[in-house]
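Beneath this line is the structure, given in structure tokens, with notes to follow.
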Amino acid sequence: MRFGTPDDSWRVCADLLADPAQFDRWRKDLAVWLNEHYDGNVPDRTTAGYVLAWYLQVPAYLGAILFHTARRVPWLRPGDLAFRLSGDRPHPDGIALLSAGFVCLPEDPAAGTPEATVVRDEAALAGVLRARFAGHAREFVAAYGPTTRLGRHMLWGAATDALDSALWQTGRMLGDEGAGVAGAALVLPELIEPFTSPSRLYPVHGEGRTVWTRRRESCCFHFALEGQRACATCPRVSAAEREKRVLADS
């Protein structure tokens, strides 16, 4: 994550949403990569599911990282974010914040600066993150949805997955998975439209240990590639099979 973009290889989210044909080009580049790494045809639903999840990770992870590390929520409007695609697999490998404004708690050291907007407590801050991410996702769904055959529930299920997973994985990557789980529960405490569920994280106990997992609301359609199976978090996988697999992989 960085502030500002260094060169023209970065894509401002607003520019992409203003020209949805860019999503078709992204999916075609992805299809080429998938065809090189998997045998057989690459289904349209797989490229649609990948790009859907990858794009939503941009506002989700940026919001989650600042919420976890600093208890701040930046602007997440499409014009405030940019990302860079990897030179190999065409997935976002860098995220840039373009706006200096943020929302924070009263005890934040920068609470009195012009860039800061102060809210009363963590629940209010979580609500700001939820609303700002939903605002970006709403614009994305309007632009991306007509380019695919994915339904509205699938699109908003992917948005729910992106936010829930980003909060969890941020805590995990930074060495405090419990804080990530707690952050997800704070931001998605119950079913709040337009999201399709509260946080789906839950613990799995076995072999003297506890691991966390979740049931996805959407599907990336990775299983549709030749020789692949559904991810452990896929809604197509039973709870028993999911728990077996996450314990084996942890």
Looking at [X] and [Y], what are the two nearest heavy atoms and their distance?
X      : Y      : answer
Thr170 : Ala64  : OG1-CB, 3.6 Å
His136 : Arg77  : ND1-C, 3.8 Å
Val187 : Leu163 : CG1-CD2, 3.8 Å
Leu17  : Pro78  : CD1-CG, 3.7 Å
Ser218 : Ala158 : OG-CA, 3.3 Å
Pro203 : Thr210 : CB-CG2, 3.8 Å

Taking the side chain as every heavy atom from C-beta outward, state whether [X] and [Y] have any atom pair closer than 4.5 Å.
X      : Y      : value
Leu62  : Leu76  : yes
Cys220 : Thr46  : no
Arg130 : Ile192 : yes
Tyr202 : Glu243 : yes
Leu66  : Val73  : no
Gln57  : Pro92  : no
Phe102 : Thr117 : no
Arg132 : Val103 : yes

Report whether [X] and [Y] are members of the same hydrophobic cluster (ILVMFWY, side-chain heavy atoms less than 4.5 Å apart, transitive linking).
X      : Y      : answer
Val12  : Val58  : no
Val141 : Trp26  : yes
Met173 : Leu129 : yes
Val128 : Trp75  : no
Phe221 : Phe23  : yes

Give a yes or no on whether the backbone of [Y] and the side-chain of [X] come within a donor-acceptor separation of less than 3.5 Å.
X      : Y      : value
Ser165 : Ala162 : no
Arg27  : Asp44  : yes
Arg2   : Gly4   : yes
Asn41  : Pro43  : no
Tyr144 : Ala48  : yes
Arg242 : Cys234 : yes
Arg72  : Phe67  : no

Legend entry - Parallel, tilted or perpendicular: rings of His91 and Trp54 (30°, 60°):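 Correct class here is tilted.
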Inset, instruction - Over 60° means perpendicular and under 30° means parallel, so classify the ring planes of Phe140 and Tyr55, tilted if in between. - result: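 Answer is parallel, since the angle falls under 30°.
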Legend entry - Sidechain N-carboxylate O distance under 4.0 Å for Arg84, Asp8: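 Result for this pair is no, no salt bridge flagged.
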Legend entry - Under-4.0 Å salt bridge between Asp164 and Arg214: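 Yes.
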Enter the distance from [X]:[atom1] to [Y]:[atom2] here, rounded to the nearest 0.5 Å.
X      : Y      : atom1 : atom2 : answer
Arg216 : Thr196 : CZ    : OG1   : 10.5 Å
Leu150 : Trp156 : CG    : CH2   : 14.5 Å
Ser99  : Leu81  : OG    : CG    : 9.0 Å
Cys219 : Met154 : SG    : CE    : 5.5 Å
Leu30  : Arg25  : CG    : CZ    : 15.0 Å
Asp249 : Lys244 : CG    : NZ    : 11.5 Å

Side-chain donor-acceptor pair present, [X], [Y], cut-off under 3.5 Å:
X      : Y      : value
Asp88  : Ser86  : no
Glu217 : Thr160 : no
Trp168 : Glu177 : yes

Legend entry - More than 12 heavy atoms from other groups under 6.0 Å of CD on Glu36: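 Yes.
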Legend entry - Exceeds 12 heavy-atom contacts within 6.0 angstrom, atom CZ of Arg209: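 Above 12, so yes.
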Inset, instruction - Start with the C-alpha distance between Arg245 and Val237, add both sets of side-chain angles, then the distance that settles side chain to side chain contact (heavy atoms under 4.5 Å, CB included), and finish with yes or no. - result: CA-CA 10 Å; Arg245 286 167 61 176; Val237 173; 3.9 Å; yes
Legend entry - Steps toward side chain to side chain contact (heavy atoms under 4.5 Å, CB included) verdict (Leu85, Asp93): CA-CA 6 Å; Leu85 293 179; Asp93 70 350; 5.9 Å; no
Inset, instruction - Please step through side chain to side chain contact (heavy atoms under 4.5 Å, CB included) for the pair Asp161 and Phe195, ending with a clear verdict. - result: CA-CA 9 Å; Asp161 289 331; Phe195 299 103; over 6 Å; no
Inset, instruction - Dump the intermediate steps for side chain to side chain contact (heavy atoms under 4.5 Å, CB included) on Gln169 and His68, then the final yes or no. - result: CA-CA 10 Å; Gln169 294 296 340; His68 179 85; over 6 Å; no
Inset, instruction - Establish, yes or no, whether a centroid distance under 6.0 Å links the rings of His222 and Tyr38. - result: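 Yes.
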